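Notes follow once the structure below has been shown.
Residues take their numbers from the sequence shown, with the count starting at 1. Remember, predicted model here, so these are calculated numbers, not experimental data.
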Amino acid sequence: MKNLTGFYYDGKSSARTEVTVSCLEDRLRIAGNGIDTGYYIRDIRISSGIGAIHRTLRFPDGSQCEIAGGLPLDGLLAGQGTGLLQRLLHRWERSLPLALLALLLTVGLMTMLVKYGIPAAAKRVAFSLTPATD
């Protein structure tokens, strides 16, 4: 079982507590100084992994936990089937070749839209106008 460290905020004060986050089947256990609680993974909202920013776990009772980076959290939750799209997007963002591929695909699609899509739409609109509109 993997354990991650993070900072827990109870949602009632601005005090933060260093905690250990561990995954037990379908629950996350949060344990630290005076804190020992657990939440079902399906009830937790997990922030997107953008770059190396801290990921935030938002719990149903208004509390939250910040965990540094995204890959350790993704590894912890990998077997739970949660956030597949987020993990894929995060992987694309962190990989330079995949990011460049996405850029090339975007440029290619925009070029095709300008070269073929806009003229086809303009032709269709032009021929659908009645002579009275002219």
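In this structure, CG on L28 lies 4.5 Å from CD1 on I41, to the nearest 0.5 angstrom. Note: F59 CZ to T37 OG1 = 8.0 Å, rounded to the nearest 0.5 Å. Distance check, rounded to the nearest 0.5 Å: CZ of R58 to SG of C65 gives 11.5 Å. R42 contributes atom CZ, which lies 9.0 Å from atom CZ of R27 (distance to the nearest 0.5 angstrom). The OH atom of Y8 lies 9.5 Å from the CD atom of Q64; values are rounded to the nearest 0.5 Å.
Taken together through direct or relayed side-chain contacts under 4.5 Å among Ile, Leu, Val, Met, Phe, Trp and Tyr, L4 and I35 form part of one hydrophobic cluster. Hydrophobic clustering (side-chain heavy atoms under 4.5 Å, transitive across Ile, Leu, Val, Met, Phe, Trp, Tyr) keeps L105 apart from M110.
The shortest distance between side-chain heavy atoms of Y39 and L57 does not fall below 4.5 Å. The closest side-chain heavy-atom distance from L101 to S95 is not below 4.5 Å. Counting heavy atoms from C-beta on, the side chains of R45 and T56 never come closer than 4.5 Å. Under the 4.5 Å side-chain criterion, counting only non-hydrogen atoms from C-beta, L113 is not in contact with L109. Counting heavy atoms from C-beta on, the side chains of V19 and F7 never come closer than 4.5 Å.
In this structure, D36 places its CG atom where more than 12 heavy-atom neighbours from other residues, nucleotides or ligands lie under 6.0 Å away.
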